[in-house]
Protein chains: 2
Amino acid sequence: MSESDEIDRPVRSGGRKRDTSRDATILSATIDILVEVGFEKMTVDMVAARAKAGKGAMYRRWPSKAEMVLEAVARLKRNMIDLDHLPDTGSLRGDMLALFQAGSAERDERFYRAMAGLAALLAQQPEIADAGHDALIEPWIEANRILIGRAVARHEVTSGADVAVAAQVIPAMGGYRSLIQRRPFDRRFLVDLLDNVLLPALGIAASHLSADPGIGDRQ
Amino acid sequence: MSESDEIDRPVRSGGRKRDTSRDATILSATIDILVEVGFEKMTVDMVAARAKAGKGAMYRRWPSKAEMVLEAVARLKRNMIDLDHLPDTGSLRGDMLALFQAGSAERDERFYRAMAGLAALLAQQPEIADAGHDALIEPWIEANRILIGRAVARHEVTSGADVAVAAQVIPAMGGYRSLIQRRPFDRRFLVDLLDNVLLPALGIAASHLSADPGIGDRQ
DNA sequence: TAGTACCGGAACTGATTAGTATCGGCATGA
DNA sequence: TCATGCCGATACTAATCAGTTCCGGTACTA
């Protein structure tokens, strides 16, 4: 998909211009509702009410609810992790903690709630689910891949572990905690994961524990 | 919830007895449909058709679709991992592979597809989602906890890793792979996880690699 | 044998909702 | 200035589906 999911209409010159600023408002409302109630329970009228838009304006832009959600989720991608400005603290542990800090707990919460909202579609509407995966999870894994790759390059990683698999550990465990257990993905949990699973798996000694902030400091 | 989710009815002696064997048939059909289309898209008529049952028979047993699914999922638990007869091969790696073998890929597939079917409810209907978690995932994590605990007891584990967190690694990563990536949780993937993540994280040397079967043997 | 509660099947009801149509009003351009 | 197409709002249509009710028939009890 891309820019021209738009409904075909005869090219004519007259008439009021479509107010493109309504697009973002409607898509933002779409994400809000998706996060709050999930795809199946989300109704077009809810989104219209939230965006203070008429349904006509919505169906003028997207041919169906599914297409609208698809674009809303795809746009989320732009607000996610910025792969061009990843932290570089000198240690993998420091980088991972900085990445979390940069994102903020609030974004992560919205993040997982959006995934939970899309979860219904995993089996049902692979297109939308894939869009959710591409927009939300893949960039995060990619960031992990890059940070771990750097750690390998500077010989911080002593095991021959598979970087691709290692990069999935934190997102996958975070998903389990947030979606299934419904407990917060907070700093404490991240530190647990780093020190008990990821860093040992990569053969990085826990000596960082005393040097860097860990469990027990500001949440 | 437990045995008496049943609809209250006046105790009278006369009449044809309720055919209790229909219960299992209906619940099994419920799981089938849940697995195939997910909770939201599953209709009571689909289940009735699959079970060759009348809707009356179903509503005589459960007051709502939700209650019926709840019991269906709860009953799955009995068919899951048998915590009293876990494998004991002498090594954690062997135990984990044997646990997978015992379950069979088919069961794991049904397992995750059931979870995917319930995923819609994670945010929406916590009761049912929790039942799914208790029935499907918690026993699996518990099995991991026990097997890792044994490995600690026989000093196979050399790191001071948190057993509770370690026990979640394989189920969580399996969920990510199966629900989000929609790729099979097969033996190859399990071996990858064991050798690249779990065993190194626990400080277990990869020397087992040559002694035990790994990647490349019968799927 | 009479009465009751079950069975599968099928028709029905009421609520919900995606998508369409239409309203009065406003902005644009010919 | 006037036709056109946008705007939000609201009413409508057609389909879907949970839950109810009734049917003809069967099994069990008294």
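Quick note on labels: first sequence line is chain A, next is B, and so on, each numbered from 1. In this text the structure is predicted, and so the values were computed from the model without any measurement.
With sequence neighbours excluded, no residue forms a side chain to side chain donor-acceptor pair (under 3.5 Å) with A:Arg177. For the salt bridge (Lys or Arg N to Asp or Glu O under 4.0 Å) test, no residue two or more places apart in sequence or in another chain qualifies with B:Arg150. Remark: A:Asn196 pairs with no residue by the side chain to side chain donor-acceptor pair (under 3.5 Å) rule, at least two apart or across chains. Applying the side chain to side chain donor-acceptor pair (under 3.5 Å) test to B:Asp162 and every residue at least two apart in sequence or in another chain returns nothing. Not counting sequence neighbours, B:Asp134 has no partner by the side chain to side chain donor-acceptor pair (under 3.5 Å) test. Residues that satisfy the salt bridge (Lys or Arg N to Asp or Glu O under 4.0 Å) test with A:Arg16, not counting sequence neighbours, are absent from this structure.
Protein atom CE of B:Met58 is 17 Å distant from nucleotide atom P of D:dT21, rounded to whole Å. Across the protein-nucleic acid pair, A:Arg18 atom CZ and D:dT4 atom C1' stand 14 Å apart, rounded to whole Å. One interatomic measurement links the two molecules: CD1 of A:Ile26 to P of D:dC6, which rounds to 13 Å at whole-angstrom precision.
Distance CG/A:Leu190 to CE/A:Met173: 11.5 Å, rounded to 0.5 Å.
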Original post:
How does protein contact run along nucleotides 22-30 of chain D, one letter per nucleotide 5' to 3', with B for base contact, S for sugar-phosphate only, - for none, heavy atoms under 4.0 Å?
Top reply: ---BBBBSS

Please tabulate, one pair per line, each protein N/O and nucleotide N/O from nucleotides 15-19 of chain C that are separated by under 3.5 Å, including the distance.
from	atom 1	to	atom 2	distance (Å)
C:dA18	OP1	A:Met42	O	3.4
C:dA18	OP1	A:Lys65	NZ	3.4
C:dA18	OP2	A:Val44	N	2.9
C:dG19	OP2	A:Tyr59	OH	3.0
C:dG19	OP2	A:Lys65	N	3.0
C:dG19	N7	A:Lys55	NZ	2.8
C:dG19	O6	A:Lys55	NZ	2.7

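Between A:Arg22 and D:dG8 there is a side-chain N or O to OP1 or OP2 distance below 4.0 Å. Residue A:Arg61 has a polar side-chain atom (N or O) positioned under 4.0 Å from OP1 or OP2 of D:dC7.
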Return a table of donor-acceptor pairs under 3.5 angstrom between the side chains of residues 43-50 of chain B and protein atoms on other chains or two or more places apart.
from	atom 1	to	atom 2	distance (Å)
B:Thr43	OG1	B:Met46	N	3.1
B:Arg50	NH1	B:Glu36	OE2	3.1
B:Arg50	NH2	B:Glu36	OE1	2.9
B:Arg50	NH2	B:Glu36	OE2	3.3

